[in-house]
Amino acid sequence: RSSDLPKADKLSVAAWASVPKDCDSEDYYYGVEGAPDYKSARACALKNEDPSSNPFRRLVLAMLYANGQGVAPNLALAISLICSEDEGVRPGESSFTTPVAELAAAVGNPRVTSAVHFDMCEWGPTPFNDHCEAVRATRDANDRQRRLKAVTATWPAATMSAFQRVAVTNAEFRDAIVTGEVDTRGTSRNFQYSDKARQAESSLVAMLESLEQSTLPAVSDAGLAALDAELNNVYRTLSKSEALNDVDQISAGAVSFAGIRQDQRAWLRYRDAWVAFAAQKYPHVPKRNVIAQLTQERLSQLAEFTDY
């Protein structure tokens, strides 16, 4: 089948001029720099045919037509666009078989009167995994920066300088868990790297927003003591874990207790930096609430290792 677009869907002169020649349609589609912009995504996909700067233009068009985003749904065209892209997938690797089958079943079915969901990053073959994770990581990082600026834009220089200590220790903690709490033996290690980094960086933004909006959960002294005891118990359990102290497994890339111990030290510096900054910027917030929130986050991060 031809993947030519219907004449009615050709771009206007204004739409053609709205995107740069070297644009990336994925950036518009997934909202890497802001909110998703389906109109610009389609304009870019049609305008920039250079595979080096816009490698997945046909799949972006397929998503737009399958999902009816900024254009009338056209399932047959979506299938054609997917299949034209899928020709480049190496033999033996998973492909878009399932979504194409779902789209094909919907074509001509009178009971299907709307779009059919398709997202290349949910169904893509192996070569797409790392690429889509990088897109998500960039989008999330930009979103965090926008949220940080929304809070800190009017801060005086002295407050920004004090906050830098929190930001520095957050980055150190992020680097520590990416290095020390990722099992590098599996094929999911790149996803784990991104996920660990996202955990740490999201913690910084979420804590700041909670303090700024006075929504940090309140905890009693007894509640904080219970959390502290729980963290100590988990830490002792991990220190005795055979798997986390197995030299052969660690040499092969497994997570080690020694690595977790280094990470814990970085986390303590991060926690203490938050306590000091919150006391200065948000003196009405009890210290125990700040510590409790960060301790709960750390317990969640360590939970995956308790069953090793």
Side-chain angles (χ1 to χ4, degrees), residues 3 19 22-71 75 77-103 115-147 174 177-178 181-202 205 304:
S3 59
V19 294
D22 60 348
C23 62
D24 187 335
S25 52
E26 278 183 287
D27 288 352
Y28 293 113
Y29 185 88
Y30 287 113
V32 169
E33 299 295 337
D37 182 348
Y38 301 129
K39 179 180 177 181
S40 294
R42 188 165 69 93
C44 175
L46 294 175
K47 182 174 183 178
N48 183 9
E49 299 183 12
D50 182 357
S52 64
S53 60
N54 198 18
F56 301 117
R57 53 181 293 272
R58 287 193 293 267
L59 287 174
V60 170
L61 286 171
M63 291 189 290
L64 292 169
Y65 279 100
N67 302 326
Q69 294 161 317
V71 69
L75 305 187
L77 178 57
I79 292 172
S80 180
L81 287 161
I82 294 169
C83 292
S84 67
E85 180 69 31
D86 211 21
E87 293 173 357
V89 177
R90 292 189 291 272
E93 294 182 333
S94 61
S95 190
F96 296 107
T97 304
T98 298
V100 166
E102 292 178 353
L103 289 165
V116 176
H117 178 70
F118 168 63
D119 188 322
M120 74 176 205
C121 283
E122 293 177 8
W123 288 105
T126 301
F128 288 79
N129 293 347
D130 290 347
H131 171 78
C132 287
E133 181 55 36
V135 169
R136 282 190 288 267
T138 301
R139 179 191 60 199
D140 292 349
N142 289 338
D143 177 64
R144 286 191 295 271
Q145 284 302 312
R146 285 191 292 271
R147 289 161 60 195
R174 175 202 63 203
I177 61 174
V178 166
E181 295 180 16
V182 171
D183 190 330
T184 61
R185 296 171 297 176
T187 57
S188 66
R189 58 183 174 273
N190 287 339
F191 170 78
Q192 290 187 62
Y193 289 142
S194 295
D195 188 53
K196 295 292 183 183
R198 191 180 296 116
Q199 286 179 19
E201 292 166 351
S202 296
V205 181
E304 67 175 290

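On a predicted model such as this, the values are computed, not experimentally measured, just so you know. The chain is numbered in sequence order, starting from 1.
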>> Do Tyr28 and Pro36 make a side-chain contact, defined as non-hydrogen atoms from C-beta onward lying under 4.5 Å apart?
In response: no
> Are a donor atom and an acceptor atom from the side chains of Tyr30 and Asp37 found within less than 3.5 Å of each other?
Replying inline: no
> Could Glu201 and Arg198 be called an ion pair, given the rule that one side-chain N must be under 4.0 Å from one carboxylate O?
Replying inline: no
> So, for Leu103 and Ala78, which heavy atoms are closest and what is the spacing to 0.1 Å?
Replying inline: CD1-CB, 4.5 Å
>> Nearest 0.5 Å, please: how far is CD in Glu102 from CG in Leu75?
In response: 11.5 Å
> At what distance, to the nearest 0.5 angstrom, does CE of Met63 lie from SG of Cys121?
Replying inline: 6.5 Å
> Roughly how far apart are Asp24 CG and Asn48 CG, rounded to 0.5 Å?
Replying inline: 8.0 Å
> What closest approach, in Å, do Ser25 and Cys44 show between heavy atoms, and which atom pair accounts for it?
Replying inline: N-SG, 3.2 Å
> What distance do Leu59 atom CG and Ile82 atom CD1 have between them, rounded to the nearest 0.5 Å?
Replying inline: 7.0 Å
>> If you define the side chain from C-beta out and look only at heavy atoms, does anything of Cys132 sit under 4.5 Å from Met120?
In response: yes
> Taking C-beta and beyond as the side chain, do Leu61 and Leu46 meet within less than 4.5 Å on heavy atoms?
Replying inline: yes
> Any sub-3.5 Å donor-acceptor pair from Arg57's side-chain atoms to Ala45's backbone N or O?
Replying inline: yes
>> Quick check for you: to the nearest 0.5 Å, what is the distance between Ser202 atom OG and Arg174 atom CZ?
In response: 11.5 Å
>> Looking at Glu304 and Lys196, is there a salt bridge between them, counting it only when a charged N and a carboxylate O are closer than 4.0 Å?
In response: yes
>> Taking Val32's backbone N and O only, do any of them form a donor-acceptor pair with Asp27's side chain (distance below 3.5 Å, no angle check)?
In response: no
> How close do Val182 and Val178 get, heavy atom to heavy atom, and via which atoms?
Replying inline: CG2-O, 3.4 Å
>> Can you confirm whether Glu122 sits close enough to His117 that some side-chain heavy atom of one is under 4.5 Å from a side-chain heavy atom of the other?
In response: yes
> Given the rule in the side chain to side chain donor-acceptor pair (under 3.5 Å) test, do Tyr193 and Glu133 qualify, once you have shown the distances and angles that lead to the verdict?
Replying inline: CA-CA 10 Å; Tyr193 289 142; Glu133 181 55 36; over 6 Å; no
> Below 4.0 angstrom, N of the basic side chain to O of the carboxylate: do Arg147 and Asp143 qualify?
Replying inline: yes
> side chain to side chain contact (heavy atoms under 4.5 Å, CB included) between Glu33 and Asn142: does it pass, once the steps are laid out?
Replying inline: CA-CA 6 Å; Glu33 299 295 337; Asn142 289 338; 3.5 Å; yes
> Rounded to the nearest 0.5 Å, how far apart are CZ of Arg58 and CG of Leu81?
Replying inline: 8.0 Å
>> Measuring centre to centre across the rings, with the benzene-like ring taken for any Trp, is Tyr29 within less than 6.0 Å of Tyr38?
In response: yes
